[in-house]
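Small disclaimer: the values here were computed from a predicted structure and weren't measured.
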Amino acid sequence: MFSHATLGTNDFPRAMAFYDALLAPLGLTRFHTDAAQGHAGYAANPDASPQFWLMRPIDGGPATAGNGATLAFEAPDRATVRAVHAAGLAQGGAEEGSPGLRPHYHADYYGAYLRDPDGNKLCCVCHRPA
């Protein structure tokens, strides 16, 4: 459904360290880095979609978090949801909802929420039964 998702950052080195750790449990690795231009790409397969991109805003203005926007990464199991959440918190992310079932979405929705150091809201979710 999606080719890629992009989030802006005001501190490119800090954001790369955060996302390197956050995405590792999902098998997503940084396949492209251009520190001079301020962008980095992550994927399970760099030659296919979907991809996640991190960058300084192209217009030169400050990166801001979207009100009501959440970027969700899908995990294969609940243990990975917990690992992603823990990695994000260890890298300076802010708690927005500890790992657990969210039955108001559906019976098997197991998710965790946090904000990255730039204030972007993130989710890691598993839709499978335990």
Taking only distance into account, with no hydrogens and no angle test, what donor-acceptor pairs under 3.5 Å do side-chain atoms of residues 83-91 form with protein atoms, sequence neighbours excluded?
residue: His85; atom: NE2; partner: Glu95; partner atom: OE1; Å: 3.3
residue: His85; atom: NE2; partner: Glu95; partner atom: OE2; Å: 3.2

Would a 4.5 Å heavy-atom cut-off, applied to side chains only, mark Leu71 and Asn120 as touching? no

Quick one: do Phe31 and Met16 end up in the same hydrophobic cluster if we chain Ile, Leu, Val, Met, Phe, Trp and Tyr together by side-chain heavy atoms under 4.5 Å apart? no

I'd like to check the side-chain hydrogen bond (donor to acceptor under 3.5 Å, both in side chains) partners of Asp108; sequence neighbours left out, ordered by chain and number. none

Evaluate the side-chain proximity of Gln37 to Phe12: yes if any heavy-atom separation is below 4.5 Å, no if none is. no

Taking only residues two or more places apart in sequence, or in another chain, which ones meet Arg115 in a side-chain hydrogen bond (donor to acceptor under 3.5 Å, both in side chains)? Glu96

Could you list the residues that satisfy ring-ring contact (aromatic ring centres under 6.0 Å, His included) with Tyr109, not counting sequence neighbours? Tyr105, His106, His127

Under 3.5 Å donor-acceptor pairs involving side-chain atoms of residues 52-64, not counting sequence neighbours:
residue: Trp53; atom: NE1; partner: Gln51; partner atom: OE1; Å: 3.0
residue: Arg56; atom: NH2; partner: Ala35; partner atom: O; Å: 2.9
residue: Asp59; atom: OD1; partner: Gly61; partner atom: N; Å: 2.8

Cluster check Leu114, Leu26: I/L/V/M/F/W/Y, side chain < 4.5 angstrom: yes

Should side-chain heavy atoms under 4.5 Å link Ile, Leu, Val, Met, Phe, Trp and Tyr, which residues sit in the same cluster as Tyr110? Val81, Leu101

Enumerate the residue pairs fulfilling salt bridge (Lys or Arg N to Asp or Glu O under 4.0 Å) with a member in residues 117-130, sequence neighbours excluded, ordered by first and then second residue. Arg14-Asp118

Does some side-chain heavy atom of Leu28 sit less than 4.5 Å from a side-chain heavy atom of Tyr19? no

If a pair satisfies salt bridge (Lys or Arg N to Asp or Glu O under 4.0 Å) and one of its residues is in residues 22-46, list it, with sequence neighbours excluded. Asp20-Arg30

Should Tyr113 and Leu122 be counted in the same cluster of Ile, Leu, Val, Met, Phe, Trp and Tyr side chains packed under 4.5 Å apart? no

